[in-house]
Every structure is written in structure tokens, then in C-alpha cells.
A.B. asks: 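Starting off with a structure, shown below.
Atoms within a ligand are numbered from 1 in the order they appear, just like the ligands themselves.
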Amino acid sequence: MLVLGIETSCDDTAAAVVRDGRAVLSSVASNQDAFHAKYGGIVPEIAGRRHVALLSAVIEDACERAQAPLERLDGIAVTRGPGLIGSLVVGVAAAKALAFALHKPLYGINHLHGHVFAAFLDRDESPPYPFLTLLVSGGHSQIVAVESPTEMRILGRTHDDAAGEAYDKTARLLGLPYPGGPELDRLAQRGDPHKYAFPRHRAAGDSLDLSFSGLKTSVRYFLESHAGRSAQSEDVAASFQAAIVDVLMARVRSAFERNGYRAAVLSGGVAANSALQSAFRHWGERAGVRVFVPPPKYCTDNAAMIAAAAYYQRDAAAGDPMTLSADPNLPFQTTSSGSP
Ligand code: KG4
Ligand code: ZN
């Protein structure tokens with residue numbers, strides 16, 4: 001089954017062709033960072049306009065690289081939500097038009113489900129069900145129990161900032177250019193993670209919830225009180241990163257110990273973080289847990305994960321080209337469907 005995936009939920013214009021939910025024949029993403037950098041964050045109006053300008057060429061490029069002309073596709077998959085409405089509608093309109101004109105099945109996909117299926121891409125083995133997923137991105141941070149391709153349950157989530165947001169805001173405090181997460185990651189590699197003891201959020205009772213706003217504020221106070229003094233920014237970055245990774249790994253361990261999961265998956269943009277990846281892998285080795293960490297290009301937003309999700313969720317996600325709608329607040333638990 002050859003699926004064209006389209007992803008325009010935020011600021012990446014992406015298209016990909018994936019065979020049977022696994023083999024990535026092409027994955028093209030046009031990054032808009034240069035257009036948002038001077039504002040220090042994503043400007044929704046600019047994101048929507050860039051998608052309009054780029055999407056046709058990105059789709060054409062993905063099909064060409066995969067040597068898959070549109071007529072050969074078995075379906076079109078698109079991110080319905082959650083995301084920026086002005087961005088989502090561009091991808092959804094394009095997917096509906098293609099499906100309608102080509103008489104191909106259309107699949108409406110939840111962006112966050114897509115991140116889960118990134119772990120299935122380009123590898124011989126897939127994570128066995130049930131598995132646990134730590135999903136950490138710029139907009140979301142949650143621990144998810146994945147029972148089957150369409151049964152996913154949130155076990156814990158952030159009360160405030162997402163992990164990626166905490167990275168981006170802290171990077172900004174450190175004067176790093178946008179987008180801050182990867183920059184902070186690079187800076188932290190030269191620093192001492194034990195230099196400063198930033199606070200680790202503790203969840204009440206047996207809750208698996210997360211919070212990062214206290215950590216971010218603590219870094220801000222620290223930097224204000226050390227202004228002009230000798231605190232090395234690489235040590236601050238490394239110590240901040242150590243605090244985030246500690247909290248995330250504590251939740252993963254405690255979720256895993258409670259149930260008989262058969263594997264653990266790391267996904268979302270922050271899964272590209274070098275310290276988090278190595279802590280996750282290290283824990284897997286020590287605890288005898290099979291861990292799945294997608295390569296960085298499939299951790300951050302991409303369309304291959306959307307095409308993969310469509311393959312595994314094809315019955316539940318099938319939509320009607322006349323009625324499928326974008327939903328900026330699409331809930332995680334609801335399986336994507338074609339009805340508005
Ligand atoms: O999943 P994603 O591409 O978009 C959303 O769905 O939000 O995640 C983007 C987030 C941004 O906050 C970005 O700074 C963060 O992932 N990120 C990283 C790294 N690469 C991307 N954070 C820390 N370290 C990285 N290497
Ligand atoms: Zn994402």
C-alpha cells in the first residue's frame with residue numbers, strides 16, 4: 001500500500017511517500033525557520049502563507065523522488081490536527097482535492113498519533129504492542145500507553161509548558177538563535193550537567209504528570225542574578241538539560257514499572273535531543289527494555305510519519321473528500337475520522 005502523506009500542522013511544509021507504513025520512499029520537508037527567525041518564534045500568518053506557496057512543489061518533489069506518479073498511489077494521508085488552523089487547512093484542502101480528483105482513499109490523521117508511528121519507519125522490526133511512548137514536542141509532552149494502532153491512552157501530561165517550549169524559551173534566555181532546542185542541545189554538549197542544581201518537578205502521589213514552568217523560571221532568576229558574572233552558558237544549558245531529562249526519565253521508569261509493556265518509544269521533536277536519546281537508550285539497556293528511537297529526521301515534524309499512521313489506522317482514519325475538516329484542537333484520544 002503506497003501512501004502519500006501531507007503534513008502542514010505548524011511551520012514545516014512536508015510530503016512523503018511510504019510503502020506499507022514502513023518503507024520511506026521519499027520524505028521532503030521545506031523548513032520555514034528563516035522566515036520566522038527574526039520574530040523569535042512561529043508567526044501563524046506567515047506559516048500559512050508559506051504552506052500555500054510551497055506545498056504543490058513539495059508534493060511533486062516527494063512523488064518524483066519516490067518514482068511514484070500520483071496515479072500509482074493507494075491513498076492520501078493528511079494531518080487534520082492538532083495544530084495551527086491557518087496551516088492545517090492548507091494541507092487538508094490539498095489532500096481533499098487530490099483524493100477527489102484521483103478517486104483515491106483519503107485518511108485524516110492526528111498529528112500526535114503520527115509522532116508515535118515515526119518509530120515504525122525505515123526499520124526491520126516494529127515496536128510490539130502494548131508499548132509505552134514518551135511523546136515530547138514543541139506543543140505537547142505526554143506519556144502514552146499504546147495498546148493497538150487505534151487505542152492510545154494518555155497516562156500523564158504537562159500542566160504548563162511542553163518540553164520543547166521549555167527548551168525554546170530557555171534557549172532564548174541564553175541568547176541563542178531560533179529555533180532554540182537544537183542550539184541548546186549543541187551548547188550543552190560542551191557544558192557540565194552537574195554544575196547547577198535546577199529544580200526537578202515531582203508529581204503528586206502516583207501521578208505521571210509533568211511541569212516545566214518552574215524549571216524555566218528558575219533558569220531565568222539564575223541568569224538575572226548572575227548577570228555580568230561568570231556563569232558559563234554551556235554549563236547553564238547542560239544543567240537545564242539534565243533537569244529536563246531527569247524528570248522525563250523518572251516518569252518513563254515509573255510508568256513502565258506499573259504495567260507489562262513490551263517496548264518503549266521516544267518520539268516528537270525533543271526526541272532528537274542527544275542527552276534524552278542517550279538516557280533513554282541507557283535505561284533500556286540497563287532495564288532490559290526494547291527501546292525504539294527514530295532518527296532525528298523522523299523525530300521532528302515530517303510527513304512520512306503521517307503516511308505510516310494512515311497505513312496502521314486505515315479503517316478508522318478513512319475520510320470523505322467532501323467533508324473531512326481540519327481541527328486545530330483535535331483530541332488525542334479520539335481516533336481520527338472523516339466526519340466533521
Ligand atoms: O515535533 P516538533 O518538530 O513540532 C511540534 O509538533 O511541536 O517539535 C519541535 C520542538 C521544538 O520545540 C524544538 O526546539 C524541539 O522540538 N527540538 C529539540 C531538538 N530538536 C528539536 N529540543 C531539544 N533538543 C533538540 N535536539
Ligand atoms: Zn510535531
A.B. asks: Can a salt bridge be assigned to the pair Glu285 and Arg281 using a cut-off of 4.0 Å between side-chain N and carboxylate O?
C.D. replies: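 Judged by the 4.0 Å cut-off on N to carboxylate O distance, Glu285 and Arg281 do not form a salt bridge.
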A.B. asks: Run the numbers for me: atoms of ligand 1, each under 4.0 Å from some heavy atom of Gly138, listed by number.
C.D. replies: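 Here the atoms of ligand 1 in question are 5 (C), 7 (O), 8 (O), 9 (C), 10 (C), 12 (O).
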A.B. asks: Look at atom 12 (O) of ligand 1 and find which of Val270, Asp168, Ile42 reaches it with the closest heavy atom.
C.D. replies: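 Closest candidate by heavy-atom distance is Asp168.
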A.B. asks: Provide the number and element of each atom of ligand 1 under 4.0 Å from a heavy atom of Gly139.
C.D. replies: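 Those atoms are 7 (O).
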A.B. asks: Under 4.0 Å between a side-chain nitrogen and a carboxylate oxygen: does that hold for Asp161 and Lys169?
C.D. replies: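 Result for this pair is yes, salt bridge flagged.
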A.B. asks: At what distance is the nearest protein heavy atom to atom 20 (N) of ligand 1, and which residue and atom is it?
C.D. replies: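 Answer for atom 20 (N) of ligand 1: Gly269 O, 3.5 Å.
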A.B. asks: Could you tell me which atoms of ligand 1, counted from 1 in the order shown, lie closer than 4.0 angstrom to a heavy atom of Ala272?
C.D. replies: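 What qualifies from ligand 1 is 20 (N), 26 (N).
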A.B. asks: Tell me whether ligand 1 is touched by Gln241 - counting only heavy atoms on the residue side and a distance under 4.0 Å.
C.D. replies: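 The answer is no, since Gln241 has no heavy atom less than 4.0 Å from ligand 1.
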A.B. asks: Specify the closest pair of heavy atoms between Phe292 and Pro128, including all atoms of both residues, with the distance to one decimal.
C.D. replies: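 Here Phe292 and Pro128 meet closest at CE1-CD, 4.1 Å.
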A.B. asks: Should Glu7 and Asn302 count as side-chain neighbours, where that means a heavy-atom distance under 4.5 Å?
C.D. replies: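 No, side chains not in contact.
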A.B. asks: Write the atom name of the N, O or S atom in His115 that is nearest the Zn ion (ligand 2).
C.D. replies: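 Among the N, O or S atoms of His115, the one closest to the Zn ion (ligand 2) is NE2.
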A.B. asks: Could you check whether atom CD of Glu147 has more than 12 heavy atoms from other residues, nucleotides or ligands sitting under 6.0 Å from it?
C.D. replies: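 Yes, CD of Glu147 has more than 12 neighbouring heavy atoms, counting only those of other groups under 6.0 Å.
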A.B. asks: What atoms of ligand 1 come within less than 4.0 Å of a heavy atom belonging to Gly164?
C.D. replies: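 With Gly164 as reference, the close atoms of ligand 1 come out as 12 (O).
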A.B. asks: Closest non-hydrogen protein atom to atom 2 (P) of ligand 1, residue and atom name please, with distance?
C.D. replies: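 For this ligand atom, the closest protein heavy atom is Asp301 OD1, 3.3 Å.
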A.B. asks: Answer yes or no for Arg200 and Phe198: cation-pi contact, defined as NZ/CZ to six-membered ring centre under 6.0 Å and angle to ring axis within 45°.
C.D. replies: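 Ring-cation test returns no.
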A.B. asks: Is Asp61 salt-bridged to Arg65, going by a charged N under 4.0 Å from an acidic O?
C.D. replies: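 Arg65 and Asp61: salt-bridged.
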A.B. asks: Would you mind naming the N, O or S atom of Asp301 nearest to the Zn ion (ligand 2)?
C.D. replies: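 Of all N, O or S atoms in Asp301, the Zn ion (ligand 2) lies closest to OD1.
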A.B. asks: Check each of Asp185, Leu184, Val136, Asp12 against atom 26 (N) of ligand 1 and report the one with the nearest heavy atom.
C.D. replies: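 Heavy atom nearest to atom 26 (N) of ligand 1 belongs to Asp185.
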A.B. asks: Does some non-hydrogen atom of Pro179 fall short of 4.0 Å from ligand 1?
C.D. replies: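 It does not; every heavy atom stays at 4.0 Å or beyond.
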A.B. asks: Please state whether Cys10 comes within less than 4.0 angstrom of ligand 1, counting heavy atoms only.
C.D. replies: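 Checking ligand 1 against Cys10, which is what was asked, there is no heavy-atom contact under 4.0 Å.
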A.B. asks: Give me the one residue out of Ser9, Ser87, Ser30 that meets side-chain contact (heavy atoms from CB on, under 4.5 Å) with His51.
C.D. replies: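 Option passing the side-chain contact (heavy atoms from CB on, under 4.5 Å) with His51: Ser87.
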A.B. asks: What is the nearest protein non-hydrogen atom to atom 24 (N) of ligand 1, stated with its residue, atom name and distance?
C.D. replies: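 Going by distance alone, atom 24 (N) of ligand 1 is nearest to Asn273 ND2, 3.0 Å.
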A.B. asks: Identify the protein heavy atom lying closest to atom 22 (N) of ligand 1, giving its residue, its atom name and the separation to 0.1 Å.
C.D. replies: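 The answer is Gly181 CA, 3.6 Å.
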A.B. asks: Run the numbers for me: atoms of ligand 1, each under 4.0 Å from some heavy atom of His115, listed by number.
C.D. replies: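 That gives atoms 1 (O), 6 (O) of ligand 1.
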A.B. asks: Can you tell which part of His111 has a heavy atom less than 4.0 Å from ligand 1: side chain, backbone, both or neither?
C.D. replies: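 It is the side chain that gets close, since no backbone atom is under 4.0 Å.
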A.B. asks: Indicate yes or no: at least one non-hydrogen side-chain atom of Asp209 is less than 4.5 angstrom from one of Ile143.
C.D. replies: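 The answer is no, as the side chains (C-beta and beyond) never meet within the 4.5 Å cut-off.
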A.B. asks: CD of Gln67: more than 12 outside heavy atoms within 6.0 angstrom?
C.D. replies: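 At most 12 heavy atoms, drawn from other residues, nucleotides or ligands, come within 6.0 Å of this atom.
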A.B. asks: His111: which N/O/S atom is nearest the Zn ion (ligand 2)?
C.D. replies: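 Answer by atom name: NE2.
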A.B. asks: List the steps and the verdict of ring-ring contact (aromatic ring centres under 6.0 Å, His included) for Phe240 and Tyr167.
C.D. replies: CA-CA 9 Å; Phe240 160 82; Tyr167 263 99; 5.4 Å; yes
